[in-house]
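Worksheet: the structure to be examined is printed underneath.
Just so it is clear, the structure is predicted and the values come from calculations on it, not from any experiment.
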Amino acid sequence: MARRNPPWDGEKLYFKGDDYFKDVLTAIRGARGSVDFEVYIFEKGSLGDRVASALIQAVGRGVRVRLLVDGIGSPDFTAAYGSRLQKGGVRFRVYRRVPPLFHLVRRFFNSFLHRKTAPQPGRFWFRMNHRDHRKLVMVDGSRVWLGGFNVSDAHLESIAGPKAWRDTGLGLSRVKDRAFQLAFNTAWHDRFHRRHWRFYRRQLIAWLSRKSSFHPVQINATRRLRSRFHREQLGRLRSAQQRIWVITPYFVPTIPLYRALLHAALKGRDVRLILPEKSDVPFVRWASMAFFHPLLKAGCRIFEYRKSILHAKTLIVDDWALVGSSNLNHRSFLFDLEVDVVLQRPASLKFLERQYASDLGKSREIRLADLKLRPFWIRFLTWLFFHLRHWI
């Protein structure tokens with residue numbers, strides 16, 4: 001698994017939010033040149049206060065600080081922290097802010113009444129549906145953190161106790177890959193400075209499209225890149241020789257990925273899925289149940305994590321492992337901005353394997369007999385949300 005000339009020197013996996021944000025905040029407090037912070041959810045709370053304070057203090061030391069949050073993931077961010085951050089000198093932006101309901105309705109009807117001057121409704125709603133789901137922190141351009149951790153007290157055992165969400169993060173040190181910075185710059189200028197956005201987007205596409213048999217950083221910035229990463233992941237699943245171990249909070253795969261898992265199980269590969277028993281988005285869990293019966297019949301093993309809400313996103317195929325923000329669902333492949341990394345060090349893979357075994361110990365295995373015991377209303381919701389899966 002070890003690679004020649006890896007794009008970074010150090011890797012550190014995190015499975016607890018307290019450990020992840022301890023290192024992130026320590027790095028921000030020691031930053032000398034720049035801090036770029038990109039996150040889907042930035043909630044008001046103890047953790048949000050600590051992150052905001054660290055960013056403001058960094059500005060006070062002369063550090064350039066930029067903060068980018070998503071308009072749907074963080075709807076109350078500006079009201080909660082906007083004034084404080086602005087006074088502290090922190091530059092922040094909201095990615096594709098959602099207009100108030102009145103303006104949404106007005107824009108929708110105007111698109112029908114004035115078709116020549118107003119944007120088409122499909123294009124407008126597609127743009128609103130395209131979200132920034134990344135969790136990416138860069139300090140001084142050489143230290144990077146990514147994964148599934150949002151700025152939310154729900155991730156911290158020190159606050160939420162044993163009910164803290166189970167998640168996975170990754171820290172990289174002495175990073176030489178430009179993809180992370182180019183991706184942030186592209187999202188930062190989206191709908192703010194079109195010329196700058198085009199410039200960084202072209203650079204990002206060129207960097208990620210270099211002719212190489214190995215791409216350790218996966219950033220789905222364009223349709224072509226999304227399609228390429230989907231094909232690469234599909235190829236990994238189809239060529240698996242021993243195992244496919246998945247952990248994801250939202251399991252609504254594309255049909256090709258679902259069939260790849262099905263055929264791998266039929267060929268005798270060790271295919272395991274760890275999914276949440278309790279989900280923060282229940283209708284996604286109901287949709288995922290539609291895949292259970294054929295997968296179980298093929299020999300796939302499915303487990304539901306019981307300790308707390310599961311939010312981790314990792315994939316292990318033989319000795320290859322992927323960690324990041326992508327879910328195994330349509331949104332990550334078609335709409336949302338994501339960032340994922342292929343682990344470079346054998347020690348990281350071993351650590352991830354041990355955590356997977358630990359998660360299995362906190363999970364209940366689902367069997368075919370269990371599906372027959374589910375009440376009618378669950379089966380109806382499974383049918384309903386499976387057919388609505390492209391909208392969730």
query = Hey, is D36 close enough to R66 for a salt bridge, meaning N to O under 4.0 Å?
reply = yes
Check your understanding: Between R134 and Y40, is NZ or CZ placed under 6.0 angstrom from the six-membered ring centre and within 45° of the ring axis?
Key -> no
Taking atom types as modelled, find out whether N150 and E43 have a side-chain donor-acceptor pair closer than 3.5 angstrom. no
(message) Looking at D318 and R243, is any side-chain nitrogen of the basic one under 4.0 Å from a carboxylate oxygen of the acidic one?
(response) no
Q) Do you see a donor-acceptor pair shorter than 3.5 Å between the side chains of Y200 and W188? A) no
Q.
We want to know whether T78 and R97 form a side-chain donor-acceptor pair, criterion being a heavy-atom distance below 3.5 angstrom.
A. yes
| said: Tell me if the CZ atom of F376 is crowded by more than 12 foreign heavy atoms within 6.0 Å. | reply: no
- Message: Is it the case that the side chains of Y250 and D280 hold a donor-acceptor pair, with the cut-off being a distance below 3.5 Å and no angle test?
- Response: yes
| request: Give a yes or no answer on whether the side chain of R259 reaches the backbone of T254 with a donor-acceptor pair at less than 3.5 Å. | output: no
Notebook entry, point to check: When you look at CD of Q86, are more than 12 heavy atoms from neighbouring residues, nucleotides or ligands closer to it than 6.0 Å?
Noted result: no
Distance-only side-chain donor-acceptor flag, S363 / E304, under 3.5 Å:
no
Here the salt bridge (charged side-chain N to carboxylate O under 4.0 Å, His left out) pairs for residues 13-33, sequence neighbours left out, are K12-D23
**Study point:** salt_bridge(R174, D9) N-O dist < 4.0 Å
**Key:** yes
Across all chains, not counting sequence neighbours, the ring-ring contact (aromatic ring centres under 6.0 Å, His included) partners of F77 are F42, F92
Does F335 form a ring pair (Phe, Tyr, Trp, His ring centres under 6.0 Å) with H130? I'd like the steps, not just the answer. CA-CA 5 Å; F335 299 113; H130 182 88; 7.9 Å; no
Next item on the list: For residues W197 and H193, establish whether the separation of their ring centroids is below 6.0 Å.
Entry: no
- Item | D140 side-chain N/O to S142 backbone N/O, donor-acceptor pair under 3.5 Å | no
If only side-chain N and O atoms count, and only distance matters, is there a donor-acceptor pair under 3.5 Å linking S46 with D49? no
- Do Y20 and D167 have side-chain N/O donor and acceptor atoms under 3.5 Å apart? no
Test the K362-Y305 pair against the cation-pi criterion, namely NZ or CZ under 6.0 angstrom from the six-membered ring centroid and within 45° of the ring axis. no
Requested in this report: Spell out, as yes or no, whether a donor-acceptor pair under 3.5 Å connects the side chain of D76 to the backbone of A79.
Outcome: no
When you check the gap from the basic side-chain N to the acidic O, do K135 and E38 get nearer than 4.0 Å?
no
Exercise. Does L371 share a hydrophobic cluster with V284, counting links as ILVMFWY side-chain heavy atoms below 4.5 Å and allowing steps through other members?
Worked result: yes
| query | Do S227 and R223 have side-chain atoms, one donor and one acceptor, less than 3.5 Å apart? | reply | no
